[in-house]
Amino acid sequence: MAKSYEAIFENNKKWVESKISGNPEYFHQLAQTQNPEYLYIGCSDSRVTAEDMMGAEPGEVFVHRNVANVINTLDMSSTAVIQYAVEHLKVKHIIVCGHYNCGGVKAAMTSQDLGLLNPWLRNIRDVYRLHQAELDAIEDEDKRYDRLVELNVQEQCINVIKMACVQERYILEEFPVVHGWVFDLRSGKIIDLEIDFENILKDIQKIYNLTDSDWVMSRKK
Ligand code: CO
């Protein structure tokens, strides 16, 4: 399965040829601008290939990946990606995609000092604590692990919805809509967790309301 380093450039050459064989202007057009409708936030895991599994072409998906698809308010990288995607690219959908067999989630379930990974994986331990009653009630460890993967996606969706730029843009334009997915490595299928975006947003605004509706609506006029 592993390819030699040199093979990558050979593959790239073939890829370029295949793209321009049907359309000699392909890269010229690609270089002009991007107008993606989707922001995809997923795990860095090498087996979860964002564009490939979605059948997406270059220019269609704005992508951010990190260990265990975590969105944390103190992480400048993911929050900058979201802000840029929402305010400048005006994406219609934000997808948070976790996956079963996630090493990051597994690590957060073990009693181990993982050094620099500790503060990052703390975010997932916090998800466990929020849902401890439900998770502890699952006796089968593999099933508990799968469920934590799903709950982590759900909580990271909530973290996206907590952001002011997401709330404001939604009041103004009725997008972006936030979706939670799990990629099942065992079948290759994407599972939509069908999180209730509208109700989560309403609920969240009781505490995390960062928008002044009158001000936002005055911008609409
Ligand atoms: Co992972």
Side-chain angles (χ1 to χ4, degrees), residues 1-3 8 36 38-56 60-82 84-85 91 93-132 134-136 138 140-163 166 176 178-195 197 200:
M1 199 128 112
K3 292 187 184 100
I8 291 171
Y38 302 94
L39 164 60
Y40 169 97
I41 300 163
C43 184
S44 298
D45 193 301
S46 61
R47 299 164 296 177
V48 189
T49 56
E51 290 95 338
D52 218 31
M53 71 179 187
M54 293 165 73
E60 290 182 348
V61 188
F62 202 61
V63 173
H64 180 77
R65 293 168 70 176
N66 62 35
V67 172
N69 41 274
V70 166
I71 307 303
N72 181 292
T73 186
L74 296 175
D75 169 36
M76 290 287 287
S77 178
S78 59
T79 51
V81 164
I82 295 168
Y84 184 74
V91 294
H93 303 271
I94 299 177
I95 295 148
V96 178
C97 183
H99 66 102
Y100 296 134
N101 303 68
C102 181
V105 172
K106 186 79 184 172
M109 287 175 77
T110 57
S111 314
Q112 246 185 305
D113 181 352
L114 295 161
L116 271 177
L117 273 169
N118 288 338
W120 190 253
L121 297 178
R122 164 86 77 78
N123 293 292
I124 300 166
R125 292 186 196 272
D126 289 343
V127 174
Y128 199 110
R129 187 167 55 82
L130 275 171
H131 298 275
Q132 189 170 5
E134 179 188 342
L135 287 163
D136 282 352
I138 303 172
D140 184 290
E141 206 190 315
D142 291 338
K143 289 205 175 91
R144 201 184 324 134
Y145 176 21
D146 284 357
R147 186 60 186 144
L148 183 56
V149 165
E150 295 165 8
L151 291 169
N152 181 48
V153 167
Q154 188 181 303
E155 291 301 326
Q156 303 314 327
C157 286
I158 290 171
N159 287 339
V160 173
I161 301 169
K162 284 174 191 166
M163 290 180 66
V166 175
V178 178
H179 309 270
W181 291 358
V182 173
F183 176 67
D184 187 350
L185 278 169
R186 299 164 290 213
S187 70
K189 287 190 176 147
I190 293 169
I191 299 160
D192 190 338
L193 297 178
E194 292 178 9
I195 65 156
F197 173 72
I200 292 175

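Below, all heavy atoms of this structure are taken into account, side chains as well, without hydrogens, waters or symmetry copies. What you see is a predicted model, and the numbers here were worked out from it, not measured in a lab. Read the numbers this way: they start at 1 and go in the same order the structure lists the ligands and their atoms.
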Derivation of the salt bridge (charged side-chain N to carboxylate O under 4.0 Å, His left out) call for E141 and R144: CA-CA 5 Å; E141 206 190 315; R144 201 184 324 134; 5.5 Å; no
Derivation of the side-chain hydrogen bond (donor to acceptor under 3.5 Å, both in side chains) call for D136 and Y128: CA-CA 9 Å; D136 282 352; Y128 199 110; 2.7 Å; yes
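- Judged by distance alone, the side chain of N159 and the main-chain N or O of I71 form a donor-acceptor pair under 3.5 Å.
- The Co ion (ligand 1) has C43 SG, H99 NE2, C102 SG as protein N, O or S atoms under 2.8 Å away.
- Contact between W120 and V70 at its shortest, heavy atoms only, is CZ2-CB, 3.6 Å.
- With sequence neighbours left out, Y38 forms a ring-ring contact (aromatic ring centres under 6.0 Å, His included) with H93.
- Between the CG atom in D126 and the NE2 atom in H131 there is a gap of 11.0 Å [rounded to 0.5 Å].
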